[in-house]
Amino acid sequence: MRPMLHHHELSAAVRAAISAAQAAGTLPSFDIPDVLVERPRETTHGDYATAVALQLARPARMAPLKIAEAIVGHIALPDYIGETTAVAPGFINFRLSKVWLQSLPDRILAPAGDFGRVDLGQGHKKAQVECVSANPTGPITLGRTRGGVIGDTLHRVLEAAGYDVTLEYYYNDAGRQITLLGESVKVRYLQELGQPAELLDEYYQGDYIIDLAKDLIAANGDALVEMPTDTFAEYARERISLQQKETLARIGIVFDVYFREQSLYETGAVWKTLEELRKRGYIYEKDGAQWFRTTGFGDDKDRVVVKADGEPTYRLPDIAYHWDKAQRGFDLVVDIFGPDHHATAPQVLMGVRALGYSSDFVHTLLHQIVNLVRGGNQVKMSTRRGLFVTLDELVDEVGADAIRYFMISRSANSPVDFDLDLAVEQSDKNPVYYIQNAHVRCAGIFRKWAEAGLPEDADEDADLRLLTHERELAFLRKALELGDVMEMIATTCEPHRLAFYAYDLAALFHPAYEECRVLHSDVPEPLRLARLRFYRTARAVFARVLELMGMSAPDVM
RNA sequence: GCCCCCGUAGCUCAAUUGGACAGAGCGUCGGCCUUCUAAGCCGAAUGUUGCAGGUUCGAGCCCUGCCGGGGGCACCA
C-alpha cells in the first residue's frame with residue numbers, strides 16, 4: 001500500500017501528542033479537534049506547519065505558544081522530519097530531514113510511474129466525469145474544448161488518486177436540434193443541386209453543412225431529393241459525431257462512454273422519471289404542460305418538464321440521465337458545464353433530490369469562456385454565423401500540448417485568454433515550452449551520457465548525500481509536493497493547480513540545471529553520479545506531471 | 001428585477017479552503033553565452049486585495065450592504 005501523505009501522518013502525530021500531553025497533565029482536558037497540517041508559504045517556516053495551538057487557546061485556556069510547546073514536547077516524529085519547533089504566536093513548524101530529502105530520488109524512481117499517486121479513492125470508489133456533451137450538430141468549439149480538457153485532466157488525476165473513473169459524454173441526439181440539423185443539410189443538399197430551397201435563420205449556417213451536403217451528392221447524386229429530413233439528420237449526426245470523436249482524440253481526450261439521450265427514450269427512462277416525480281408529488285399540470293415543482297427546492301419559479309405539445313423539455317431527460325448516474329452507484333460525479341448552462345445545473349440536482357437521492361455525490365463544475373487573442377487583439381467569434389474557430393483548426397495551428405496547457409492554465413472561474421502567438425512561441429515566455437524544455441534538458445543529459453558509451457544504470461548506487469546544492473534540494477522539495485497537489489485537485493476539482501504546479505516545478509528546475517553540472521569535466525565522479533540520479537528523477541517527475549496533464553514529454557524540441 | 005462568476009502589482013492571473021511578511025508570469029530597468037546549458041539564468045522596482053461595516057486570536061478568503069465588469073434568466077439545449 002502506498003504511504004500516507006506526510007500532512008496526514010503529521011496531523012495524526014499532533015493529535016497523539018495532544019493526547020499524550022493531556023495524559024501527562026501538561027495540557028488540560030478538551031476535545032481534540034481535527035488538525036490541519038499545511039505547507040507554509042514562507043519556506044523559512046519549514047516544510048509543514050500547523051496552527052492548531054492557536055485554535056486551542058480558548059478551549060485550553062492557555063497561551064497558544066505554551067500549547068504549541070507542550071505538543072512539541074510530546075510528539076513522536078516520523079523519520080522524514082528533521083526538527084520541529086514551536087514559534088510565536090503559536091505555530092508548530094516541521095522541517096524535513098535533509099538526509100531523507102536527499103533519498104527522495106530513490107523513492108520517486110522505485111515504483112516507476114507511481115509517483116504522485118494518492119489514496120483518496122482507496123482503489124474501489126467509482127467516479128464519473130461528464131464533459132463536452134455537445135450536440136452532434138457541429139464542430140467542437142473552444143468552450144466545449146475547455147470543459148473537455150478540464151474533465152479529462154480530472155479524469156487522469158482522479159484515476160491517480162485511486163478512483164475507478166468513467167469519462168463520459170452525454171450525447172444529445174434527440175429533439176429539435178437534430179431536426180434542425182437534418183433540415184439544414186437537406187436545404188444545402190437541394191441548393192447544391194441547383195434546386196430552390198431557403199436556409200432559414202434558425203438553421204445551422206456553418207460551411208461544414210455545405211460540405212456534408214456535397215459528400216451526400218458525391219455518394220448519392222440527386223437520389224435523396226425525396227427523402228425525409230430524418231435521413232439527412234441521421235447521416236449528419238453520425239458524420240459529425242465521428243468527427244467530434246476524432247478531433248477530441250487529437251488532444252488526448254478519449255471517452256469511455258458516449259451516453260445517448262435517445263437511449264433514455266428507448267428504455268422508457270424519460271417517462272419513468274416523470275411518473276416517479278409525479279408519484280412523489282413534484283409534478284402538476286398547468287396550461288396543458290407538466291410542471292416540476294422546483295420551488296420546493298428554492299427555485300424562484302417552477303419549470304416545465306413536458307410541453308403542451310407533449311414533448312419533454314431538455315430538463316426531463318437531463319434528470320432521467322442523472323437518475324441513471326445515481327443508480328450506477330458513483331461515489332463522485334463531476335458535471336462540467338460552460339457559462340451558458342450556469343442556470344440549468346441546479347435544476348437537475350433538484351430533480352435528483354426529488355427522486356429521493358442526496359445530490360451530494362454530484363460536483364457541478366462551471367467554467368468561464370475562452371477568448372482567442374491574436375496580435376494582442378481579441379478574435380471575434382460568432383457561433384450563429386458560423387464564424388468560430390474550431391478545435392480542429394486550433395490543433396492545426398498551435399498543437400495539442402498548448403491547448404491542453406492553456407485550457408487549464410486558469411481557475412475554471414476565470415476566463416481564458418488564449419494567446420495564439422504565445423502558444424507557438426518557442427521561448428521561456430511560453431509556459432508550455434518552458435515546462436517541456438525541462439524534460440528536454442534532462443533527456444539531453446542522458447543522450448550525451450549514452451553517446452559517450454557510459455553505462456545506462458551507472459547512477460543506481462550513487463551516494464545521494466552529495467546532493468547538497470540548495471537548487472537541487474529546492475527542486476526535490478517541490479517534487480515531493482505532487483502528492484499534496486493531486487489530493488487537492490481530487491478533492492476540489494480544480495485542475496488549474498496542476499498547471500501552476502508544473503510551472504513552479506520547471507521554475508525550480510532550470511536554475512538547478514544552470515548551476516548543477518553533470519557531465520562537465522570538473523565535476524568529481526561521485527557527485528556526477530549523484531547528479532545523474534537527480535536528473536533521472538527530474539525527468540521522471542516531469543514525464544509524470546506532463547502525462548497527468550495529457551501533454552507530451554519530448555526528448556528534443 | 002432575479003441568479004451565477006469576477007474585481008488582488010501597469011497588464012493577465014495565483015494564493016494550500018480562515019493562518020505567519022499577499023505571490024507568479026508578462027511588461028519595465030540592469031546584468032550573464034570560449035561552459036552537458038540563452039528554447040536558459042541572476043538581480044531591481046511595483047499593493048489601502050473595488051468601497052463601507054460585521055464575525056474572531058487571525059479575513060484576499062466567511063456574513064451584510066453598496067459600486068463596477070462579464071454571463072445567464074424559454075413550453076430551445
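Computed over heavy atoms, backbone and side chain alike; hydrogens, waters and symmetry mates excluded. Throughout, protein chains are lettered first and strands after them, A, B, ... in sequence-line order, and every chain is numbered starting at 1. As the structure is a prediction and not an experimental result, all values here were calculated from the model.
- Using atom P as the reference point in both U16(B) and G50(B), the two lie 16 Å apart (nearest Å).
- When distances run from any side-chain atom of Arg58(A) to the nucleotides C75(B), C57(B), C73(B), the shortest one goes to C57(B).
- In this structure, the side chains of His469(A) and Glu515(A) come closer than 4.5 Å at one or more pairs of heavy atoms.
- Within the structure, every side-chain polar atom (N or O) of Lys301(A) is placed at least 4.0 Å from both OP1 and OP2 of C2(B).
- U28(B) and G65(B) are spaced 44 Å apart, taking the P atom of each and rounding to whole Å.
- Comparing U64(B) with U55(B), their P atoms are spaced 15 Å from each other, to the whole Å.
- Separating the C1' atom of G60(B) from that of G47(B) is a span of 12 Å, rounded to the nearest Å.
- Taking a pair as Watson-Crick or G-U wobble with both distances under 3.5 Å, RNA chain B forms stems of 3 or more consecutive pairs at B:1-7 with B:67-73, B:10-13 with B:23-26, B:28-32 with B:40-44, B:50-54 with B:62-66.
- Within the 4.0 angstrom heavy-atom criterion, only backbone atoms of the sugar-phosphate kind lie near Ala343(A); the bases stay farther away.
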Might you work through the side chain to side chain contact (heavy atoms under 4.5 Å, CB included) test for Arg303(A) and Thr313(A), ending with a clear yes or no?
-> CA-CA 9 Å; Arg303(A) 308 287 171 167; Thr313(A) 64; over 6 Å; no

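- If you measure from atom NE2 of His510(A) to atom C1' of C36(B), you get 15 Å, rounded to the nearest angstrom.
- The aromatic rings of Phe509(A) and Phe542(A) lie perpendicular to each other, with more than 60° between the two planes, well past the 30° mark.
- Residues satisfying the side chain to side chain contact (heavy atoms under 4.5 Å, CB included) test with Val398(A), not counting sequence neighbours, are Leu394(A), Ala402(A), Ile403(A), Phe418(A), Leu420(A), Ala423(A), Val424(A).
- Distances from the side chain of Lys448(A) to the nucleotides U37(B), A39(B), C75(B) place U37(B) closest.
- For Tyr314(A) against A77(B), a side-chain N or O and a base N or O form a donor-acceptor pair under 3.5 Å.
- As a whole-Å value, the separation of Gln368(A) CD from G7(B) P is 11 Å.
- Remark: of the listed residues Glu130(A), Gln244(A), Arg260(A), Gln244(A) is the sole one forming a side chain to side chain donor-acceptor pair (under 3.5 Å) with Tyr169(A).
- For Arg176(A), the salt bridge (charged side-chain N to carboxylate O under 4.0 Å, His left out) test picks out no residue, with sequence neighbours left out.
- Comparing A14(B) with U8(B), their C1' atoms sit 10 Å apart, to the nearest whole Å.
- Base orientation of C63(B): anti (glycosidic angle beyond 90° from 0).
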At under 4.0 Å between heavy atoms, which parts of nucleotides 11-23 of chain B does protein reach? Answer with one letter per nucleotide, 5' to 3': B base, S sugar-phosphate only, - none.
-> -SSSBBB-BB---

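- Base orientation of U17(B): syn (glycosidic angle within 90° of 0).
- Rounded to a whole Å, the CG atom of Leu316(A) is 19 Å from the P atom of A74(B).
- A distance of 11.5 Å separates CD1 in Ile435(A) from OH in Tyr501(A), rounded to the nearest 0.5 Å.
- Rounded to an integer number of Å, the gap from Gln347(A) CD to A77(B) C1' is 12 Å.
- Tyr48(A) and His6(A) have perpendicular rings, their planes meeting at more than 60° on a 0 to 90° scale where under 30° would count as parallel.
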Kindly list each side-chain donor-acceptor pair under 3.5 angstrom involving residues 529-539 of chain A, sequence neighbours excluded, with atom names and distances?
from	atom 1	to	atom 2	distance (Å)
Arg531(A)	NE	Glu472(A)	OE2	2.9
Arg531(A)	NH1	Arg517(A)	O	3.0
Arg533(A)	NE	Asp106(A)	OD1	3.0
Arg533(A)	NH2	Asp106(A)	OD1	3.0
Tyr535(A)	OH	Ala512(A)	O	3.3
Tyr535(A)	OH	Cys516(A)	O	2.8
Arg536(A)	NE	Asp459(A)	OD1	3.3
Arg536(A)	NE	Asp459(A)	OD2	2.8
Arg536(A)	NH1	Glu456(A)	OE2	3.1
Arg536(A)	NH2	Glu456(A)	O	2.6
Arg536(A)	NH2	Asp459(A)	OD1	2.8
Thr537(A)	OG1	Arg533(A)	O	2.8

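- Only the P atoms considered, C11(B) is 24 Å distant from C5(B), to the nearest whole Å.
- Mapping Val518(A) and Val306(A) onto RNA chain B via the closest heavy atom, the residue that lands nearer the 5' end is Val518(A).
- We find that CZ of Arg531(A) is positioned 16 Å from P of U37(B), with the value rounded to whole Å.
- The closest donor-acceptor contact from the side chain of Asn430(A) to the backbone of Val432(A) lies under 3.5 Å.
- Under 4.0 Å is where a charged nitrogen must lie from a carboxylate oxygen, and between Lys286(A) and Asp302(A) no such pair does.
- Between Glu451(A) and Lys448(A), none of the side-chain N atoms (NZ, or NE/NH1/NH2) sits under 4.0 Å from a carboxylate O, so this pair counts as no salt bridge.
- Note: Phe337(A) and His341(A) have parallel aromatic rings, judged against thresholds of 30 and 60 degrees for the angle between ring planes.
- Using a cut-off of 4.0 Å between Lys/Arg side-chain N and Asp/Glu carboxylate O, Arg39(A) and Asp484(A) are scored as salt-bridged.
- Taking atom CG of Asp555(A) as the reference point, atom C1' of C36(B) lies 15 Å away to the nearest angstrom.
- Residue contacts shown for Asp522(A) are absent, as no nucleic acid heavy atom lies under 4.0 Å away.
- The gap from the P atom of G25(B) to that of C63(B) amounts to 32 Å, rounded to the nearest Å.
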Atom pairs, N/O to N/O, protein against nucleotides 25-33 of chain B, distance under 3.5 Å?
from	atom 1	to	atom 2	distance (Å)
G27(B)	OP1	Lys429(A)	NZ	2.6

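- In the set U35(B), C36(B), C75(B), C75(B) carries the atom at the smallest distance from any side-chain atom of Ala289(A).
- In this entry the base of C62(B) is anti relative to its sugar, with a glycosidic angle more than 90° from 0.
- Between A22(B) and C61(B), the distance separating the two C1' atoms is 12 Å to the nearest Å.
- Between Tyr535(A) atom OH and U37(B) atom P the separation is 11 Å, expressed in whole Å.
- Within 4.0 Å (heavy atoms only), Cys442(A) reaches no atom of the nucleic acid at all.
- In this structure, Tyr513(A) atom OH and U35(B) atom P are separated by 13 Å, rounded to whole Å.
- Residue Asp318(A) is out of contact with every strand shown, counting any heavy-atom pair closer than 4.0 Å.
- In this structure, the nucleotide among C41(B), U37(B), C76(B) sitting nearest to the side chain of Arg517(A) is U37(B).
- For Arg471(A), the listed nucleotide lying nearest its side chain is C42(B); candidates were A77(B), C73(B), C42(B).
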